There are 2 protein chains.
Amino acid sequence: MPKQRPPAPDSSRRSEKSRRAIYDAALALVVEVGYPKTTIEGIAARAGVGKQTIYRWWSSKADVLLEAFLDLFAQASREAGEEPYVIPDTGDLAADIKAVLRATVDQLKDPRYAAPSRALAAEGLVDEELGRRCAATLMEPSLQLYADRLRAAQRAGEVRPDIDPRIALEFFISPLAQRWLQHTGPISYEYTDTLVDYALHGLAPR
Amino acid sequence: MPKQRPPAPDSSRRSEKSRRAIYDAALALVVEVGYPKTTIEGIAARAGVGKQTIYRWWSSKADVLLEAFLDLFAQASREAGEEPYVIPDTGDLAADIKAVLRATVDQLKDPRYAAPSRALAAEGLVDEELGRRCAATLMEPSLQLYADRLRAAQRAGEVRPDIDPRIALEFFISPLAQRWLQHTGPISYEYTDTLVDYALHGLAPR
């Protein structure tokens, strides 16, 4: 009778562990050596996996990094006690957007998130193809959550029906993004609360 | 009798020519090789001047580049038929800001301006000291023009007195900056006109 084979290693758990090691290696490298010098070989070496393991799951370093970022955002949201990819709808638009922006302020001040985000954003500025992929993959899905929440507010009569939600949402996120990216001003809860109030009520007297 | 010496070369005209060659070389290099690999030596070689000529006027490559940018902005404004560093005050805030933003749209679409601006902004994302210098030297003076125009509008009753102009101005410039830097959407006169209308009148029904 042949010897019984040992139980197959739990390949899904092993895969999950490799996947996480690859994400961590990719994010660390992009901070340390920059995007142009980050390579699949370097990620594999640092993660302690074979190059082929990476190529089995992803077709390029941009793919690895974009997925590592999506995972990082989801993790940051979970740690903040939030559902990733959801903006609450309590029926009070101002309160809901203020809460989400306060969580974003915390995230932007977290170096685990901030350093790789800056490194990727920097490369996206000079590498247009990467910049457009970041916009489509990392940013647009979040922006659509704001657009959806604004559409709900239009149905509830909290936002004027003639407003284009895709433009209006930029009042909530672009000023914060610019202060963070370009150091044009400090970031705080008070600041993001003020953005929401100004955006909803306008600058002109009512 | 000694031979008469030829007239002294016009040293201020020669200086102006060298200065312009140095600016052009600095902007070209930052596009071609990136900020980290741009050196005083490289700028001098490309401009056809001695290294000491550069050190006589500037103390670092960051100084040369920031001044080259200020000159580039001023040139772009002059070519657009505008006074650099002025926002008109015709008594109609919406019209004045729309006009300035339309000129900015043209400038952002001009590759002579766009490529070096992107290269410098990218480096400012990962080099915090440079980022803060760009913010203070290149951006803050322009932002203050918007703040001044908003203060005049407050005195004229066009903007609510409780509004902080330094925050409010970001509704005009940050969405446009983010679309341009991060490719999150197209840029047009219609878009910037819409930003001005939404910012002044607010998203909520009146």
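Note that the structure is predicted; figures quoted are calculated from it, not measured. Residue numbers start from 1 in every chain, and the chains themselves are labelled A, B, ... in the order their sequence lines are given, proteins ahead of strands.
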Q. With a 4.5 angstrom heavy-atom cut-off, which part of Glu128(B) approaches chain A: side chain, backbone, both or neither?
A. both

**Q.** Side-chain (Tyr198(B)) to main-chain (Asp164(A)) donor-acceptor, under 3.5 angstrom
**A.** yes

(Q) With a 4.5 angstrom heavy-atom cut-off, is it the side chain or the backbone of Arg166(A) that approaches chain B, or both, or neither? (A) both

Q: Could you tell me which non-hydrogen atom of His183(A) sits nearest to which non-hydrogen atom of Gly124(B), and how far apart they are?
A: NE2-O, 4.0 Å

**Q.** Glu158(B), part contacting chain A, at a heavy-atom distance under 4.5 Å
**A.** backbone

Q.
If you compare all heavy atoms of Pro205(B) against all heavy atoms of Gly157(A), which two are closest, and at what distance to 0.1 Å?
A. CG-O, 3.3 Å

Q. How many angstroms lie between CD in Gln178(B) and CD in Gln182(A), if you round to the nearest 0.5 Å?
A. 10.0 Å

Q: Quick one: which of Leu93(B), Leu143(B), Leu125(B) has the most heavy-atom pairs under 4.5 Å with chain A, could you say?
A: Leu125(B)

Q) Do you know which two heavy atoms are closest between Thr184(A) and Glu140(B), and how far apart they sit? A) O-OE1, 4.1 Å

Q. About how many Å separate CD1 of Ile163(B) and CG of Leu203(A), when rounded to the nearest 0.5 Å?
A. 5.0 Å

(Q) Under a 3.5 Å distance rule, please check whether Arg206(B) uses its side chain to pair with a backbone N or O of His201(A) as donor and acceptor. (A) yes

Q. Would a 4.5 Å heavy-atom cut-off, applied to side chains only, mark Ile167(A) and Arg179(B) as touching?
A. yes

**Q.** Most contacts with chain B, counted as non-hydrogen pairs under 4.5 angstrom, among Asp197(A), Leu176(A), Ile173(A), Leu150(A)
**A.** Ile173(A)

Q) Just by distance, do the side chain of Arg160(A) and the backbone of Gly202(B) share a donor-acceptor pair under 3.5 Å? A) yes

Q: Specify which of Ala168(B), Ala115(B), Gly131(B) makes the most heavy-atom pairs with chain A at under 4.5 Å.
A: Ala168(B)

Q | Which portion of Thr194(A) sits near chain B, non-hydrogen atoms under 4.5 angstrom | A | side chain

Q | Heavy atoms from other residues, nucleotides or ligands near CZ of Arg112(A) exceed 12 (cutoff 6.0 Å) | A | no

Q: Go through the atoms of Glu170(A) and report whether side chain, backbone, both or neither lie under 4.5 Å from a heavy atom of chain B.
A: both

Q: Under the side-chain contact (heavy atoms from CB on, under 4.5 Å) rule, what do Val126(B) and Tyr35(A) come out as? Steps first, then yes or no, please.
A: CA-CA 11 Å; Val126(B) 287; Tyr35(A) 179 86; over 6 Å; no

Q | Largest heavy-atom contact set with chain A, pairs under 4.5 Å, which of Ala135(B), Ala199(B), Ala177(B), Ala136(B) | A | Ala199(B)

